[in-house]
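Notes for the one structure printed next.
Each chain gets a letter, A, B and so on, in the order the sequences are listed, and its residues count up from 1. Being a predicted model, the structure only gives us computed values, none of them experimental.
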There are 2 protein chains.
Amino acid sequence: MKNPIADLNKIFDSRIRLGVMSMLIVNHEISFNDLKQMLELTDGNLASHLNTLEQAQFIAVHKGFIGRKTSTTYSITDLGKQAFKAHLDALEKMINKL
Amino acid sequence: MKNPIADLNKIFDSRIRLGVMSMLIVNHEISFNDLKQMLELTDGNLASHLNTLEQAQFIAVHKGFIGRKTSTTYSITDLGKQAFKAHLDALEKMINKL
DNA sequence: TATTTAACTTTGAAAAACAAAGCACTTTCA
DNA sequence: TGAAAGTGCTTTGTTTTTCAAAGTTAAATA
């Protein structure tokens, strides 16, 4: 038998990063503020998790405006999509022995 | 829209505890040593995660023998089964927007 | 002009993860 | 018989991660 957790991606151990990714898979683009409210996080906490995901190049940041107000939005990258799907596959494999 | 991570169980954020539970769902009983080898962990690390799961009453410990050698085995409790399934449901709901 | 909002960064504390070593007990091997 | 090895821990201490709170910059609104 094989180590069932070896293929899980460490970046997605965090529920918050998992939540961000799952939201970005569904919604093409989401603002900082929406993520914050949806996941019920403080600014600093969200920012640091987004940073981790950006470092890994799993998400991309877009600085823009709504009217003249700044609005930062985030989207998933191809690499991020790949990694997330691989993680979900690993989870499934681990669990589908049920 | 609802917070997608609110229903995830914090105990299962850990890949190791997730791995232990997934193994115990499939195999009725597993020894300390087998878990250790399968998950590639040090004694201390495994023991502390098992302790967390035991505290939560998600697993039960059985001290026994194989021949005359001591052998501690672990099994999942009904509560553990419930909690794990609820976690998997939450994961699925989070992801099945795909 | 004062306040608010957005999106951070910085700081620091608390919690969690982890490896290594020690330990009690038993068994096996030389 | 004595040394080495295995099982299943606990203890210790370090590293990593998480997180909240406060500070920051810049623009918008009252």
Practice task
Before giving the answer on side-chain contact (heavy atoms from CB on, under 4.5 Å), spell out for A:V20 and A:L18 the whole-Å C-alpha distance, their side-chain angles and the decisive distance to 0.1 Å.
Solution key: CA-CA 6 Å; A:V20 168; A:L18 205 62; over 6 Å; no
Practice task
Let me see the working for B:K10 and A:R15 under side-chain contact (heavy atoms from CB on, under 4.5 Å), right down to the final yes or no.
Solution key: CA-CA 8 Å; B:K10 282 211 173 126; A:R15 68 210 282 103; 3.7 Å; yes
Practice task
Let me see the working for A:M23 and A:L39 under side-chain contact (heavy atoms from CB on, under 4.5 Å), right down to the final yes or no.
Solution key: CA-CA 10 Å; A:M23 289 182 68; A:L39 301 173; 4.0 Å; yes
Handout entry: Criterion side-chain contact (heavy atoms from CB on, under 4.5 Å) on B:D13 and A:D13, from CA distance to verdict
Key = CA-CA 6 Å; B:D13 279 359; A:D13 278 2; over 6 Å; no
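Considering only side-chain N and O atoms, B:T70 lies nowhere under 4.0 angstrom from the phosphate OP1 or OP2 of C:dC25. Under 4.0 angstrom from either OP1 or OP2 of C:dC8 there lies at least one side-chain N or O belonging to A:K63. Distances shown here put every side-chain N or O of B:H49 at or beyond 4.0 Å from the OP1 or OP2 atom of C:dA16. A close approach under 4.0 Å does occur between a side-chain nitrogen or oxygen of A:N33 and OP1 or OP2 of C:dA6.
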Would you tabulate the side-chain donor-acceptor contacts of residues 50-67 of chain B under 3.5 Å, counting partners in other chains and residues two or more places apart, or write 'none'?
{"residue": "B:T52", "atom": "OG1", "partner": "B:S48", "partner atom": "O", "Å": "3.2"}
{"residue": "B:H62", "atom": "NE2", "partner": "B:S75", "partner atom": "OG", "Å": "2.8"}

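Between the OG atom in B:S22 and the CZ atom in B:F84 there is a gap of 5.5 Å [rounded to 0.5 Å].
The CG atom of A:N45 sits 5 Å away from the P atom of D:dC19 (whole-angstrom rounding). Summarising the geometry, the separation between NZ on B:K36 and P on D:dT7 is reported as 7 Å, rounded to the nearest angstrom. Atom CG in A:L39 sits roughly 12 Å away from atom P in D:dA20 (whole-Å rounding). The nearest whole Å value for the distance from the CG atom in B:L18 to the C1' atom in C:dA17 is 16 Å. Rounded to whole Å, atom C1' of C:dA6 lies 10 Å from atom OH of A:Y74. Following rounding to the nearest Å, B:D43 (CG) and C:dC23 (P) show an atom-to-atom distance of 16 Å. The CG-P distance, from B:L41 to D:dT7, rounds to 15 Å in whole Å. In this entry the distance linking CD of B:E54 with P of D:dG8 reads 14 Å, nearest Å.
Between B:H49 and B:S14, the closest heavy-atom pair is CE1-OG, 3.6 Å. Scanning both residues, A:L8 and A:M94, for their nearest heavy atoms gives CD1-SD, 4.3 Å. A pairwise comparison of heavy atoms in A:D7 and A:K2 identifies OD2-NZ, 3.1 Å as the closest pair. When all heavy atoms of A:K36 and A:L46 are compared, the pair lying nearest together is N-CD2, 3.5 Å.
At the heavy-atom level, B:S71 lies under 4.0 Å from the strands shown only through sugar-phosphate atoms. Residue-level contact check: A:T72 touches the backbone only, with heavy atoms under 4.0 Å from sugar-phosphate atoms and none from bases.
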Between the protein and nucleotides 27-29 of chain C, are there any N/O to N/O pairs under 3.5 Å, and if so, what are the atom names and distances?
{"residue": "C:dT27", "atom": "OP1", "partner": "B:R68", "partner atom": "O", "Å": "2.7"}

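Residues of residues 7-17 of chain B that place a heavy atom closer than 4.0 Å to DNA chain C, in numerical order, are B:S14, B:I16, B:R17.
Annotation: of the two residues near DNA chain C, A:A47 and A:Q37, the 5′-most nearest-nucleotide partner is A:Q37.
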